[in-house]
Every structure is written in C-alpha cells, then in structure tokens.
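Here is the structure we will look at, set down as structure tokens.
Note that ligands are numbered from 1 as they come in the structure, with each ligand's atoms numbered from 1 the same way. Remember, it's a predicted structure, so these values are computed and weren't measured experimentally.
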Amino acid sequence: MNIFRKNKSIIMAYKKSEQYDEDVTSGLIENYGNALRLLGEDPNREGLQKTPERLAKAMQFLTQGYQLDPHEILNSAKFHEDISEMIIVKDIELYSMCEHHMLPFYGKAHVAYIPNGYITGLSKIARVVDVYSRRLQVQERLTHQILNSIKETLNPLGVAVVIEASHLCMMMRGVEKQNSVTTTSAFFGEFEKNETRSEFVKLISAKLH
Ligand SMILES: [Zn+2]
C-alpha cells in the first residue's frame, strides 16, 4: 500500500501560496496598462500582454510591509535572558524602493543591540529589516525605523543600525554614479559612547570567513 498515493495531504504537506487583493490588483492592472500606452508602448503586443498583471502583483509584494507590524514580529519571539553582551546580526540583505522615484535601492543592513533582560529571535531582526524595506522609503528613515522598533519592544541598553546601499535612481538616471554607496547609521544608548560604537564598527567590518 502506498500511503503517498492514498493520502494526498502528505504529498501536499507544504504549499506556499500568494494572495492578492482583487480590487487592488484589477485597479493596478488598468493603471499600468495606461502607463505603458502613455510611454509609447502597445500593451497588447505579445510580450506585454501579462505585464500589467505581473507588475501589479510584484508591486503588492514589494510594498507588503505596510500590512505588517514590526513590533508584533519582535514581540512574538521575545524571551527573558540575563545577558548584556552585544548581539550583532550583520550583512542582512536588503531590497527596498526609494519613495521619490520608486526605483530600487539595495545593499546590506547591520544591526546590533545590548539586551536589558530581553532578547528576540535572530531571524526576527532580519524580518524587521524586510518589513520596513518593503515600503516606499528613504534610507535615512528606514535606518531609524529599524532602530526604534528594537528600542521600543526590547527596551535594550543600546541599539545600532548601519545600512550600506546602492540606489538605482542615482545609478540609472540623474547623476549616473554607478559606484557610489550610501551609508546611513543610527545609534541609541550605549552605542552613543565612542568605545561601544567603535567595537561595533570593528565587528561589522571584520571578515571572519
Ligand atoms: Zn530616488
């Protein structure tokens, strides 16, 4: 007897599905179709027929952060722990979109905090970076929002966030500077002290592999 054939739920044990709001999707499809026409394209030609729909779904995916609450994410894995050493999650991949041109900016985020009785799951820190990145952003605000959400939920002794990113709006248009990287940082508590901040910067700059 083959249980895999008999019990379908075993074969379908894991299924990832995406859901989109129908009204939002159809509204966006219409608008993106018009935008293509205004840009001199023919939205009905073969290669573009499904483009407004793909774009409508991609944009909803890339802005899903509006519907998610970073405080809730951090609280969902908040544990009591008596440690007061610096915890660093570095090289978190980051993909966001600038709110001025709606073009991507991408790079890395480095986040550290010094607990004051509570820690959170390491993956939650990366999740919070994702949630704030999946909104229309400026890099400076993104940096501060990540810092504040950790500060407000964990009440730590200190928080530090550094983001290094390349902005397509600078690379593809405007000043066309292909190799410029923008670095932003925000520090709170212990990290406002020179010594702690230098230790953090040294640790995120170190190549351990
Ligand atoms: Zn821009």
Subject >> Heteroatom N/O/S of His167 within less than 2.8 Å of the Zn ion (ligand 1) >> reply: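 So His167 does not count as coordinating the Zn ion (ligand 1).
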**OP:** Measure from the Zn ion (ligand 1) to every N/O/S atom of His101 and report the name of the nearest one.
**Re:** ND1
Original post:
Does a side-chain N-to-carboxylate-O contact under 4.0 Å join Lys193 and Glu190?
Top reply: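 Counted as a salt bridge, because a side-chain N and a carboxylate O are separated by less than 4.0 Å.
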Subject >> Nearest heavy-atom neighbours spanning Gly27 and Asn31 >> reply: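 Where Gly27 meets Asn31 most closely, the heavy atoms are O-ND2, 2.9 Å.
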Original post:
Distance from Glu81 atom CD to Ile119 atom CD1, nearest 0.5 Å?
Top reply: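 One gets 4.5 Å once the value is rounded to the nearest 0.5 Å.
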Subject >> Criterion side chain to side chain contact (heavy atoms under 4.5 Å, CB included) against Ser133, the qualifying member of Leu142, Ile92, Ile146 >> reply: Leu142
Original post:
Which angle, to the nearest 10 degrees, do you find at the Zn ion (ligand 1) between SG in Cys98 and SG in Cys169?
Top reply: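 About 120°, to the nearest ten degrees.
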